[in-house]
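Reckoned from all heavy atoms, side chains included, excluding hydrogens, waters and symmetry mates.
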Amino acid sequence: MQLTETHRPTLDRALEAIRSRAYWSPHPEHPKAYGETGAADGLAAYQALLGSRFELDQPGTDGWTGAEVSPYGPELGVEYPHPDLDVLLPAMRAGMAAWRDAGPETRALVCLEILSRISARTHEFAHAVMHTSGQAFMMALQAGGPHAQDRGLEAVAYAYEEQTRTPQGVDWSKPQGKRDPLELRKVFTAAPRGIALLIGCNTFPTWNGYPGLFASLATGNPVLVKPHPRAVLPLAMTVRIAREVLGEAGFDPNLVALAAERPGEGIAKTLALRPEIRIIDYTGSTEFGDWLEEHARQAQVYTEKAGVNTVVIDSTDDYKGMLSNLAFSLSLYSGQMCTTPQNLLIPRDGITTDAGPKSYDEVVADLAASVSGLLGDDGRANALLGALVNPDVKSRLEAAAGLGEVALPSREVANPEFPDAVVRTPVIVKLDGAKPDDEAAFMSECFGPVSFAVAVDSTSDALDLLRRTVRDQGAMTVGAYTTSADTERAIEEVCLEESAQLSLNLTGGAYVNQTAAFSDFHGSGGNPAANAALCDGAFVSNRFRMVEIRRQA
C-alpha cells in the first residue's frame, strides 16, 4: 500500500490545522460531492446489509445477535457475531507488538486509509446512522459522515504529534573534563497500554465513537468496539473496514474487533473489569460513567456524561437574530445532543434589545413563536427534528409539560415517508429560579426536546446560578447574550473558572450546539459533564507511555 504518498499530505495538513485552529476539512459535507451515483449506490449498499448476517471473520464467535429497530419504524434485521471474550481478547493482543514496532507515522497513515475508505462510503453510513440514531438524513450524512471523520482524523493528528514529541533515538554524550565523556545510545518507544474498549452511544455512534477509536489505534492499542445495542450497524461497518485495511497493510486484522451483545446482556460492565482492558472510551449516562470511573481501576477511562447546558440572556442588539439562533439550537435533532441548551436564564424584569425593552414573558413568548415558525411546515420540521431515538425521550418530553407553565406545547409531526416515526416538536416550560421545586426540575438533565425558561432576579443571579450549575451538574456548552462589556467579562470569568466552553452572542449560522473539528474543543474535561475534551493532547497522551532503552555507546 502506498500510504505515504497517498496520506502524508493529509496528515501534515491536519497537524497544521490543530496548531492554527483555522477552518479545514478534507471530507466534503455536500451529498453531491460523492459522485453522480453516490446517493443511489449508498442506499443500495445499506439496503443490501438489511436482513443479513454481518460477517467479520473474527475469532471467538460463539453465536449471533442483533435486534436493531430504526427510530423511523423498520426493523434492520442484521445479525452480528457475538464474542467469546476468552478467545477474542488474547487474539487481539497477538498483533500488538508488530503494530507498536511499526511506529507513529505508519500507524497514523493506516488510520488515514481507514478513514478514506469510510469517507468513500459516506452515503451508506448516512443511512446506517439515520436508522440507528433517528437523525434526519442530512444530519446523519454530515454529522455521521464527514464531521465524524474529521474528529477521527483530528485524534490521529494529536496522537502523532504527542508520540513524536520525543525523538526515536539519540546519541547522548556528557563531558567528563579530562576523562572520556559518558556516551550512551538511547531509544524511546511509544508503548501502548493494551486493549482499548470503545463503548458506543445511541445518538452519535460515529461522531462520538471515532475520536476514541482512532486515538487508541494510532497510539498502538488494539480496539474492541462495543456498540450501543440500538446502534450497532455504523460501528460494525467501521470495524469491517478497519480490519480490511489492517490486513492489507500487513498487520493483524484482530487489532480491531466488534463486541455485539445479546439483549439485556450488559456486556459493557463485564468488559470494563477485564484485566486485558487498559483504556475505556464512553459516551452516555452519568450513572454508568461514574461507575466506570470508580470501578474500572485497571483502565484509563475517558467519559462524556450528562450535563445541564445553560444560556444566559442579559441583553442583545439583534433580538430577531438571537431568537432565530436559539430556536434552531433547541430544535436540531429534537434536542437529542449533549450540547443542546436546556436552561435559558432570563431576568424576571426583562432585557434590553434593539427592538426595545422586552419583559421575561415577552422573551419567552417570542422564542416560542420563533420555534413554532421554524417548525410550522412539517417537511422542514422532519428535516430538522429527525425522530425520537427511544421511548425514554418521549416519556421525559411528556412529563416535562407537568413541571410548570407551558410556554410552547410539543406537537406531533407526521412523517409521510416513515409513518411509524415518533416525531415531536420541542416543549418550552416556564420555571422560577427562586422556587426550590422548580430548581429540582431544571438542575438535572432532561435529555431531549425540553427547555426551561428560568426567571431569575437579575443577571448577577443568573451568573451565580450558571456557576453552580456547571460546578454541580456539569455543562458541555454555555451560551450568553449581552451588550455589556462588564457582563461579558463576568460570564467569561465564570466559564474560565469552571472550565466550560462558551459561545457569546451567536445570531447567525453558527450555533452553540455545533462544534468544528480541528478548531473547537468539544467539552473541556474540567467539569462533571466530561473528564476529557475532544480533542486535545490530554485525550491521547495517556494512551501510551514512553519506554526508554539505554545502551553503552
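Nearest heavy atom pair, residue Q298 against residue A272, reads NE2-O, 2.7 Å. When all heavy atoms of T303 and N531 are compared, the closest pair comes out as N-OD1, 2.7 Å. Heavy atoms only, all atoms of each residue included: I351 and I313 are closest at CG2-O, 3.6 Å. Here the closest heavy-atom approach between residue M237 and residue A128 is recorded as SD-CB, 3.7 Å. Contact detail for A259 and L224: the closest heavy-atom pair is CB-CD1, 3.8 Å. Across all their heavy atoms, P211 and R151 have their closest contact at CG-CB, 3.9 Å.
Salt bridge annotation for E498-R471: present, with a cationic side-chain nitrogen under 4.0 angstrom from a carboxylate oxygen. A salt bridge links R543 to D281: one of the charged nitrogens lies within less than 4.0 Å of a carboxylate oxygen. Under 4.0 Å is where a charged nitrogen must lie from a carboxylate oxygen, and between E293 and K305 at least one such pair does. A salt bridge links R489 to D486: at least one charged side-chain nitrogen sits closer than 4.0 Å to a carboxylate oxygen. We find that R19 and E161 are joined by a salt bridge, their nearest charged nitrogen and carboxylate oxygen being less than 4.0 Å apart. The pair K320-D354 does not meet the salt-bridge criterion, since no charged nitrogen lies less than 4.0 angstrom from a carboxylate oxygen. A salt bridge between E412 and K394 is absent, with no side-chain N of the basic residue lying under 4.0 Å from a carboxylate O of the acidic one.
Among the candidates V454, L431, L403, the single residue satisfying the side chain to side chain contact (heavy atoms under 4.5 Å, CB included) test with D438 is L431. Checked against R348 for a salt bridge (charged side-chain N to carboxylate O under 4.0 Å, His left out), the options D432, D361, D461 give a single hit: D432. Checking each of L385, V389, L388 against Y333 for a side chain to side chain contact (heavy atoms under 4.5 Å, CB included) leaves exactly one that passes, namely V389.
Using modelled atom types, no side-chain atom of S331 and backbone atom of F328 make a donor-acceptor pair closer than 3.5 Å. Distance alone, capped at 3.5 Å, is enough to place a donor-acceptor pair between the Q149 side chain and the G145 backbone. Within the 3.5 Å criterion, the main-chain N or O of F518 finds a donor-acceptor partner in the side chain of E154. In terms of modelled atom types and a separation under 3.5 Å, the side chain of T483 and the main chain of S315 share no donor-acceptor contact. Listed for the H131 side chain is no donor-acceptor partner under 3.5 Å among the backbone atoms of Y72. Checked by atom type and distance alone, the side chain of N527 pairs as donor or acceptor with a backbone atom of S499 at under 3.5 Å. Remark: side-chain polar atoms of N309 are paired, donor with acceptor, to backbone N or O of M476 under 3.5 angstrom. Judged purely by atom type and a 3.5 angstrom limit, Q342 uses its side chain to pair as donor or acceptor with the backbone of S444. The main-chain N or O of A453 is found under 3.5 Å from a side-chain atom of Y360 such that the two form a donor-acceptor pair. Using modelled atom types, no side-chain atom of E405 and backbone atom of K430 make a donor-acceptor pair closer than 3.5 Å.
Residues Y302 and F539 are in side-chain contact: their nearest non-hydrogen atoms beyond the backbone lie under 4.5 Å apart. For the pair L384/L375, a side-chain contact is recorded, criterion being any heavy-atom separation below 4.5 Å from C-beta on. In this structure the side chain of V371 never reaches within 4.5 angstrom of the side chain of T425, judged on heavy atoms. Residues S458 and P347 fail the side-chain proximity criterion, which asks for heavy atoms closer than 4.5 Å. Between V456 and I346 there is no side-chain heavy-atom pair separated by less than 4.5 Å. Between T340 and L332, every side-chain heavy-atom pair lies at or beyond the 4.5 Å cut-off. Between V478 and Q501 the shortest side-chain heavy-atom distance does not fall below 4.5 Å. R424 has its side chain out of reach of V413: every pair of non-hydrogen atoms, C-beta onward, lies at least 4.5 Å apart.
With no hydrogens or angles considered, a side-chain donor-acceptor pair links D150 and S25 at under 3.5 Å. Remark: the H147 side chain and the E29 side chain contain an N/O donor-acceptor pair separated by less than 3.5 Å. T482 and D314 share a side-chain donor-acceptor pair at under 3.5 Å.
For the atom pair R467 CZ and D472 CG, the distance stands at 11.5 Å (nearest 0.5 Å). Summarising the geometry, atom OG1 belonging to T219 is positioned 5.5 Å from atom CD1 belonging to I279; distances are rounded to the nearest 0.5 Å.
In this structure, Y210 and F214 have perpendicular ring planes: the angle between them is above 60°, well past the 30° mark.
Every residue two or more places apart in sequence or in another chain that forms a side-chain hydrogen bond (donor to acceptor under 3.5 Å, both in side chains) with R193 is listed here: N542.
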Given side-chain contact (heavy atoms from CB on, under 4.5 Å), test F125 with T122 step by step and report yes or no. CA-CA 5 Å; F125 271 86; T122 288; 5.6 Å; no
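R21 forms a cation-pi arrangement with F521, by the criterion of a distance under 6.0 Å to the ring centre and an angle within 45° of the ring axis.
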